[in-house]
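Just follow the structure's listing: the first ligand is 1, and inside any ligand the first atom is 1. Note that this is a predicted model, so its numbers are computed, not measured.
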Amino acid sequence: MNHLDLPALTRAAGTVRLPGSKSISNRVLLLAALAEGETEIRDLLDSDDTRVMLEALQKVMRSGIPGDGAGVMKCPVGGTAIGEGRWRVQGCGGEFPVKQAELFLGNAGTAFRPLTAALALSGGHYRLSGVPRMHERPIGDLVDGLRQIGADVRYADKEGFPPLEIFPAAVKLAAPIRVRGDVSSQFLTALLMALPLTGETAVIEMTTELISKPYIEITLNLMARFGVTVGREGWQRFTIAGGQKYRSPGVVHVEGDASGASYFLAAGAIGGGPVRVEGVGRGSIQGDVKFADALAAMGARIEMGENFIEARAPADGKLKAFDLDLNHIPDAAMTLAVAALFADGPCTLRNIASWRVKETDRIAAMATELRKLGATVEEGADYLVIHPPQSSALSPQPSVPIDTYDDHRMAMCFSLAALGGVPLRINDPQCVAKTFPDYFERFGRIAAPVIAIDGPSASGKGTVAQRVAETLGFHFLDSGALYRLTALAAIRAGVALDDETGVAAVAATLPAEFPGDRILLAGIDVTEAIRAEEIGVGASKVAALPAVRTALLERQRAYRRLPGLVADGRDMGSVVFPEAPVKVFLTASAEARAERRYKQLIGKGMPANILTLLQDLQERDARDAARSVAPLKQEADAERVDTTPLGIAEAVAAVLDSVRRKLPQMER
Ligand code: DC
């Protein structure tokens, strides 16, 4: 089976820009399709579940090409991340033009339920099916509600479950529609979004307690943005006055995914932090931002702005046990179940019965996998009690295999367990594509360990850093090469090396690639060219320009990937990766360095004079230490390794020794 090995981790810190919310993306797509006018949707999530919705809408609409009727089209805006998530929907004004279609909806509940209701009121003949698990997830409460108003929805296989077949029918809204709300709030969402299509006044009465209420708030909020208001009496009765129609609000921005945010915030709370997520905050319409309150109840330090949330570990480092009713945040609650492994006592998650009918039976799956990590778990019909493992390490096993049950959230929340210093094997990791295709890359960006190595010129740090990376199987960042590439690219483009804005623009769009151990600039091999003395001098000039350093910052941070990174260069431990758990200052006497360089040059058959080399190095050290931007200095928390008496193999061993002391979990 396909798997992903996560190394033992301990620290997490950094910033994550969230992908778009699944709940908002799929609701906005349907509302825009049903509305009059054209809607531009920005930052739409690109994942399995949204693709399912897009493809279904494209089937029941037409091309979306202006003048050619309703449809959904990807905007031809290239390049930027925002452009990639930009879509244009030419709404059909309340009636899908295609009257016959077969729709395959995967395991996307947020597509299946609302489309069932909208198509049931569309006067066509449709067949809706999904993956086998979708056919085990109940839909009877929604079908019952639709049948009360005359819709002709039939079970194609098992009573109460998909697949469904829908036939044209005359719909009439005489009496209130009575529906249950205790299995899934999506049934109510589906009815609410579809009923304005009838044009008549519609009343919905709940016959049970309504679960997951914040998701209904998302629905009502987005309907209002499309011009339809819903009267609400508590969570009991909803009235949609007749004569309302969906109208496009023009442009809609999709917020970042608050459920996806929960993994990173929990990582900050468990792994020290601060971890900041951008794209959700105080202004969010998603109930899952309340996950931050639950983390705060565990003692995590939370900061929230209009469009960001940040989490850090408790001041004393120890997360507290909790006993919480989590009905309002059923998805993010899974993240709390894994955070419970790190609590100082037994944790109780209450009122989570809906977990049983999600992508998998999440209560059973969670209990099984938590036990593999040494937790004692008590499983009830609608609750879990989790006793964290006794020892500080979560499990004595060398690598714990975690099964994910084709459930994206199981895969994502269990990645957090690796922060307990235990290596994990996540089986079938690509199931995260349902809502968060690049989850593990983003997780690596905040949690992968970084070994930062700096030191004076000719200290051998490049060679040593590269060998350390090879030994550990880590990625390697030669940040000096990026400054050298910038200098070379600027010279080739005719940009003066003291033109800060010009060189920064070159750095920001550097067309560099690193296949194997070669370095390409705009497709041309420059591995040797950037090592020229003239380019070294140029690199040193451009590296002193603050705007150039800023332009290269995110590019350098993107090298932080699982299982870890060795980063070589001047400000690796201070600016680029200040949270690096291992920082090494590799140095040697100027005489030793001059001698090494001398041997190197002579070996290459080049002329060299040892005294001139020594003088050059001493001058360069003085210049590097005196410069105002990123000066050469040993960080307070860096370990000094003096390689004057050491060969390369011994220097590598000394660095690895430091790594083992700082990251003892690497021994496992
Ligand atoms: O390590 P190197 O000789 O390839 O570095 C080239 C130049 O870039 C050198 O002057 C140091 C500078 N540099 C820097 O300022 N910051 C870094 N992170 C890496 C290199």
Between the protein and ligand 1, are there any N or O atom pairs that come within less than 3.5 Å of each other, and if so, what are their names and distances?
residue  : atom   : partner : partner atom : Å
ligand 1 : 3 (O)  : Arg484  : NH2          : 2.9
ligand 1 : 4 (O)  : Arg484  : NE           : 2.6
ligand 1 : 15 (O) : Arg549  : NH1          : 2.9
ligand 1 : 15 (O) : Arg549  : NH2          : 3.4
ligand 1 : 15 (O) : Arg627  : NH2          : 2.9
ligand 1 : 16 (N) : Arg549  : NH2          : 2.9
ligand 1 : 18 (N) : Ser479  : OG           : 2.9
ligand 1 : 18 (N) : Arg570  : N            : 3.2
ligand 1 : 18 (N) : Asp571  : OD1          : 3.2

Whether over 12 other heavy atoms sit under 6.0 Å from Glu534 CD: no
Tyr263 ring center within less than 6.0 Å of Tyr439 ring center: yes
Ion pair check, Arg17 and Glu554, cut-off under 4.0 Å: no
Would you mind writing out the side-chain donor-acceptor pairs for residues 652-659 within the sub-3.5 Å range, not counting sequence neighbours?
residue : atom : partner : partner atom : Å
Asp657  : OD2  : Arg661  : NH2          : 3.4
Ser658  : OG   : Glu639  : OE1          : 3.3

Flag if over 12 foreign heavy atoms under 6.0 Å of CD, Glu306: yes
Within 6.0 Å of CG in Asp517, more than 12 heavy atoms from elsewhere: no
